[in-house]
Amino acid sequence: MTQLSRRRFLQAGTAVGVSLVIGLDTNGTLAVASTNTDASINPFLKIDGDGTVTVIAKHFEMGQGTSTGLATLVAEELDANWDDVKVDFAPANNALYSNLFFKIQGTGGSTAMANSFMQYREAGASARDLLVRAAAKDWGVDASEITISEGLITHGSKSAGFGDVASTATTLEPVASPVLKQPADFTLIGRDYLQRKDSVAKTNGTAEFAMDVKVPNMLYVTLLRAPCAGGKLATFDASGAKDAPGFIDAMALPNKAGVAIYADSTYASIRARKLITATWDDSEADTRGSEAMMAEHVALVGADPQFPATPVDIATVSALNSDAAKMVDAQFTLPNLAHAPMEPMNCVIEPTATGVRVHDGCQMPTITQGAVAAVLQLAPENVEIRTVFAGGSFGRRANTVSDYHVEAAMAYALKEGKHAIKLIWSREDDLAGGFYRPMSVQKVSVGLDENGRVQGWEHRLASQSIMKGTPFESMVVHDGVDHSTVEGIVDTLYQIPQMAVGVSDYSTPRPALWWRAVGHSQNAFTMEIMMDMLAHAADEDPVDYRLSYLDEGDEKGSRFAEVIRLAAKESGWHERQKGEGYGFAAHFSFNTYVAEVAKVSLVDGKISIDKFTCAVDCGIAINPDVIRAQMEGAIGYGLGAIMRNQISFKDGVVEQSNFPDYEPLRISDMPDVAVHIVTSNEAPSGAGEPGLPPAGAALSNAIFDLTGNRNTELPMTVHGVSFA
Amino acid sequence: MSLTLKVNGENREINSPPDTPLLWVLRDELDLTGTKFGCGVASCGACTVHVNGRAQRSCVLPVSAVGEQEVTTIESIESKAAQAVQQAWQELDVVQCGYCQSGQIMQATTLLEDHAKPDDTQINTFMNGNACKCATYHRIRAAIHRASEIMEA
Ligand code: FES
Ligand code: FES
């Protein structure tokens, strides 16, 4: 790429219909350019001649509201009119658009707003400064006398829109570190309601998902895959499909993972697939069933842990607990889960002059770019990633092997690049397709002294590691312990004396994957049920008992205590009668503090989940209404799984095939949800995931309060709970 | 053999085989991609369209069974109820990923045409087949109440 000279920017800036573009140049400093110039400036924002502000989102939009959030940051510092702001998704480019926490371009771990908070504000502030100076120059007035409000630049009786001065602005040098607003001056950040940028397109059918992409000369492809993970294609016979309407071809994937079925429409491929038979070599496949898997996990937590995850070891604490006044023991079993986002996996690959373009709701653009480039033997920069809306993910789209993109690339390569390829997964493919949340079995024994205080906490855990063998291993795995397996336990904010955690890895060729809230989705369930059991054993109020373990002299401890008190207050916790069906749980994850109170009742002998009260502290609330939506959604997503979802195996084959046997949460299951956000000026932290971890424990604790039955095995419906 | 389909007020020639589900004819042949594929077995509602003004799952409706009936998709709903639903959805920012929402809106429109003022039980019953994995249900309920208010005004 040629580095554009400053002089050429100036020339370009004088062109008619020019756009002002602010972004990092290739040295990583803020720079200005016009959109008509060389692409070596990849911007965070553009201002068109008509005044439209386009924010370039480096994070994708799976529903979590990030595109609205990034637009808010820019618009705030720019003093733009919200209605003039639109959002485009960035192309793949690590140097310009990486997640500042991950060093690759990707969305996950509830980091989107946290890592972008300063970066996108600076882009907005820098552009504002240019517009002010441009107006001052055009009008021959002092820049300090110019004001901007809601997209209008004013000096005395003179006023102009952003588009009117954009051309002059491109001739000016941006300041190195623009001055940012003080939080007290925010008008958009923190505004209780600001319409989502994707609201209109998603209510009139125009929002574009990869599933909707159609390009010239495109073949539709579904895959016939091995029924057992790790199975390899031995033979296949497509003669049954030869006369099927629209069927074009069937070809074995080069890695023997399956057969690509080419057709002239999605349905033609789906139909032909039913007529094609195959045999599989299962010699390297995992053919275990769920019962055997569970038994192996149970055996692992019964034996000495493979890896100590705390400085104190289990044997020491075990000895310490020999004189406990009371022991509280529980075993937790959590099943494999699929993510099952509403839009099944799919993507489109089409040829370009120099390589290919991938259309995808792309969660990790630069990983996908590299993975597709490797299959097609292209230079990564010749793989263009065009990101469109993603119909949910919950972690599924982000995996370090880019599974579905690689499948599409193989199908593309088999046709020698002569056709564009649209790869479509059906719901059946999605549920059978692996990359599940790992199964987890946890065995916890806590010794209480005569005052009901913890004297020793023994926690044994068996699960498949998510991070081992991935590029994230060196960041997340230490001394054999995958931190994502024990997060939320070893780093609990409760000041627990003598806590020993030991981990054993379960191994299988089946890939494991993060699921919304990763290890916290499992570990908050165990921790917060334990806290409830301990409070009962100590004959103390569960909220007071939790608070008594927090160090409120410490910032984290005090912020955690605040959400606990807020949820208790707003739910009427202290006014309740015992046995009325209230359950409490709180958890700290993704640097965000959440406490939830569940209220359940019995309807015809079945559990009805009536209400969730949620208190959250995620630092400064950039878009409070988006945060409320994320808490509501995360609670719902968590509850659906906790109530009745599991992926189970018989002889290695997944037993669930479609929604009827992997039943999503339905509207009739959804409780009323009230979200209370703590006012804060601390740095923003996660919002997409932290609402989920406490939900299951709050529900389980509420059911215990109502019925006296403890539920530590999931999903609940498989273990004796009926829901109304 | 080609079929004629009445879609969004126009007659369209269809070349897909007659047993093709309406969903795929709309999406792949007519480029009406606002109607979504979520399960293909009538258990999620993402593919909901109006057939003669009534919500139906297009993923299990062979195009040959549509006959003379009028098909309306999210791209061209314009009844009073539909507009109220879309407005309420926008006011309350119901959407998250948005993938289920065309179907939700088509279903909610039929509900409001049947019951101008549905209560929560009626909403839960009528909307129960429309899954939303983002769990926007809490807002869907509120937005249906809001749409009902808008229609009254
Ligand atoms: S796609 Fe038709 S109901 Fe799911
Ligand atoms: S908004 Fe994502 S599935 Fe409903």
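Computed from heavy atoms alone, side chains included, the values below leave out hydrogens, waters and symmetry copies. Order of the sequence lines sets the chain letters (A, B, ...), proteins ahead of strands, with each chain counted from 1.
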Pick one of side chain, backbone, both or neither for [X], based on which atoms fall under 4.5 Å of a heavy atom in chain B.
X: A/Asp198; answer: both
X: A/Asp430; answer: neither
X: A/Met62; answer: backbone
X: A/Ala207; answer: backbone
X: A/Ala629; answer: both
X: A/Leu431; answer: neither
X: A/Ile270; answer: side chain
X: A/Glu428; answer: side chain

*For a side-chain hydrogen bond (donor to acceptor under 3.5 Å, both in side chains) with A/Thr203, tell me which candidate from B/Gln87, B/Gln104, B/Gln90, B/Gln101 qualifies.*
B/Gln90
*Any salt bridge between B/Arg139 and A/Asp625, counting N to O under 4.0 Å?*
yes
_A/Asp212 and B/Lys36 ion-paired at < 4.0 Å_ = yes
Find the distance between [atom1] ([X]) and [atom2] ([Y]) and round it off to the nearest 0.5 Å.
X: B/Asp28; Y: A/Met218; atom1: CG; atom2: CE; result: 7.0 Å
X: B/Gln96; Y: A/Glu61; atom1: CD; atom2: CD; result: 9.0 Å
X: A/Ser668; Y: B/Met127; atom1: OG; atom2: CE; result: 11.5 Å
X: B/His138; Y: A/Met670; atom1: NE2; atom2: CE; result: 6.5 Å

As an exercise: rank [options] by heavy-atom pairs under 4.5 Å with chain B and give me the winner.
options: A/Ile424, A/Leu639, A/Thr266; value: A/Thr266
options: A/Ser426, A/Ser393, A/Gly391, A/Gly636; value: A/Gly391
options: A/Glu208, A/Glu663, A/Gln630, A/Gln64; value: A/Gln630
options: A/Phe659, A/Phe209, A/Tyr220; value: A/Phe209

*So what's closer than 4.5 Å to chain A heavy atoms on B/Thr136: side chain, backbone, both or neither?*
neither
*Please look at B/Asp19 and chain A and tell me whether the side chain, the backbone, both or neither of the residue comes under 4.5 angstrom of a heavy atom of that chain.*
both
